[in-house]
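Just so you know, ligand 1 is whichever comes first in the structure, and atom 1 is the first atom listed for that ligand. Computed from a prediction, not measured in an experiment: that's the story for all the values here.
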Amino acid sequence: MSGLIVSNLSVTLGEKTILSDIALTAMPGSMTGLIGPNGAGKSTLMRAMLKLTPLSSGTITFDGTNLLAMPGRARAQLTAFVEQSGSTDSRLTAREVVMLGRIPFQSVWQSMPSPADLTEAETALAAVNMTAFAERLFHTLSGGEQQRILIARAIAQQPRLLILDEPTSHLDVHAQLITLDLLRGRAQAGATVVLALHDLNLAAAFCDTLVVLHDGHLAGQGTAEQVLTPALLRTVYGVEATLLQHPKTGRPLIAYDLPSRLRMAPPNSD
Ligand SMILES: Nc1ncnc2c1ncn2[C@@H]1O[C@H](COP(=O)(O)OP(=O)(O)OP(=O)(O)O)[C@@H](O)[C@H]1O
């Protein structure tokens with residue numbers, strides 16, 4: 001079967017069971033959002049998918065092939081990962097960081113990037129509106145600018161499986177929307193996109209499927225309409241909310257109840 005299939009995945013680190021019996025499917029051409037509270041296990045699951053954290057049990061296949069048993073170079077050509085906080089060599093410029101995404105495709109004898117590599121890097125820089133920052137040292141960029149460059153690196157890799165851990169956490173609202181739209185474009189071009197998001201309204205707006213983690217367990221999986229119920233938001237996040245519909249897109253829109261101390265006093269009538 002095509003796409004990413006995770007079955008019976010468990011991860012134990014030290015004495016602690018971080019993930020128990022997780023199963024999910026992410027289809028090519030779709031965006032799958034991983035949601036859940038802090039500490040639910042989203043990053044651990046993504047790292048496990050990429051063999052960066054060992055499984056205690058379970059299997060992970062992509063297009064029917066065991067992803068974890070693949071040679072590292074083949075997996076690097078297939079997958080790209082944008083971590084929550086990426087670190088790079090402080091001497092690299094933004095363009096050079098983006099060029100790192102082309103390394104899995106370069107031969108060991110290649111001393112210079114090919115014209116195709118350069119084109120991919122420039123296209124990716126432009127896609128995240130960062131062309132003007134290409135010559136800046138990466139470590140001098142703001143948090144949001146760095147995040148956009150790391151997304152460009154992943155895009156430049158042209159991966160069939162794109163995994164991103166909170167890719168919009170440092171971005172302003174415009175950059176959040178163009179980044180998620182860019183990722184949706186990658187999905188529409190055939191990639192399997194899996195991303196962790198804390199903003200449930202953005203997750204509902206952009207993701208085809210949501211996978212909910214709670215305390216290391218799977219708490220729900222389905223469309224935003226199926227998953228984002230007031231009961232789930234109460235159980236998983238401990239919040240009260242009303243589900244509305246976006247007036248233009250018809251997608252679910254969550255209006256959170258505010259804690260009573262924060263509710264605005266009614267306007268003074270005199
Ligand atoms: N190496 C480790 N050793 C022990 N516990 C760990 C380790 N790495 C993560 N954890 C714990 O595993 C749990 C899941 O962490 P993880 O980072 O996967 O959560 P998350 O859902 O991504 O959280 P957040 O939304 O805060 O980023 C947390 O309780 C965390 O403290």
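- Of all protein heavy atoms, the one closest to atom 19 (O) of ligand 1 is G41 N, 3.3 Å.
- In this structure, atom 15 (O) of ligand 1 lies nearest to the protein heavy atom T44 OG1, 3.8 Å.
- Residues T192 and R160 are not in side-chain contact: their nearest non-hydrogen atoms beyond the backbone lie 4.5 Å or more apart.
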Could you walk me through whether T131 and E122 pass side-chain hydrogen bond (donor to acceptor under 3.5 Å, both in side chains), step by step?
CA-CA 7 Å; T131 304; E122 293 310 319; 5.5 Å; no

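- Side-chain contact between D208 and T223 is absent, with no heavy atoms from C-beta onward closer than 4.5 Å.
- Residue contacts with ligand 1: G36 is placed with no nitrogen or oxygen under 3.5 Å of a nitrogen or oxygen of the ligand (distance criterion only).
- Side-chain contact between L183 and L195: present, with at least one pair of heavy atoms (C-beta onward) separated by less than 4.5 Å.
- The heavy atom nearest to atom 24 (P) of ligand 1, considering only N38, D215, L45, is found in N38.
- Ligand 1 is never approached by R47 to a heavy-atom distance shorter than 4.0 Å.
- Residue-ligand proximity, E166 to ligand 1, at heavy-atom distances under 4.0 Å covers atoms 25 (O), 27 (O).
- Applying the 4.0 Å criterion to heavy atoms of S43 picks out, from ligand 1, the atoms 17 (O), 18 (O), 20 (P), 22 (O).
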Between R75 and T79, is the side-chain hydrogen bond (donor to acceptor under 3.5 Å, both in side chains) condition met? List the steps.
CA-CA 6 Å; R75 194 169 46 248; T79 62; 5.6 Å; no

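- Residue L210 shares its hydrophobic cluster (ILVMFWY side chains chained together at separations under 4.5 Å) with I35, L200, V212, V227, L228, L232, L233, V236, Y237, V239, L243, I254, Y256.
- Residue contact check for ligand 1: M46 places no non-hydrogen atom closer than 4.0 Å to it.
- Of the protein's heavy atoms, I18 CD1, 3.7 Å lies nearest to atom 5 (N) of ligand 1.
- Every residue two or more places apart in sequence or in another chain that forms a side-chain hydrogen bond (donor to acceptor under 3.5 Å, both in side chains) with T93 is listed here: E96.
- Closest protein heavy atom to atom 31 (O) of ligand 1: K16 NZ, 4.3 Å.
- Looking at M46 and E83, their side chains never come closer than 4.5 Å, going by heavy atoms from C-beta outward.
- With respect to atom 13 (C) of ligand 1, the closest heavy atom belonging to the protein is G39 O, 3.5 Å.
- Numbered from 1 in the order shown, with element, the atoms of ligand 1 that lie under 4.0 Å from a heavy atom of H198 read 25 (O).
- Within the 4.0 Å heavy-atom cutoff, P37 counts among the residues contacting ligand 1.
- Within the 4.0 Å heavy-atom shell around ligand 1 one does not find G14.
- No hydrogens or angles considered: nothing links the side chains of N66 and T61 as a donor-acceptor pair under 3.5 Å.
- For a threshold of 3.5 Å applied to N or O pairs, the pair formed by L13 and ligand 1 contains no separation below that value.
- When each atom of ligand 1 is checked for a heavy atom of K42 under 4.0 Å away, the hits are 18 (O), 19 (O), 20 (P), 21 (O), 22 (O), 23 (O), 24 (P), 25 (O).
- Between T44 and the choices L52, L9, T53, I22, the side-chain contact (heavy atoms from CB on, under 4.5 Å) rule is met once, by T53.
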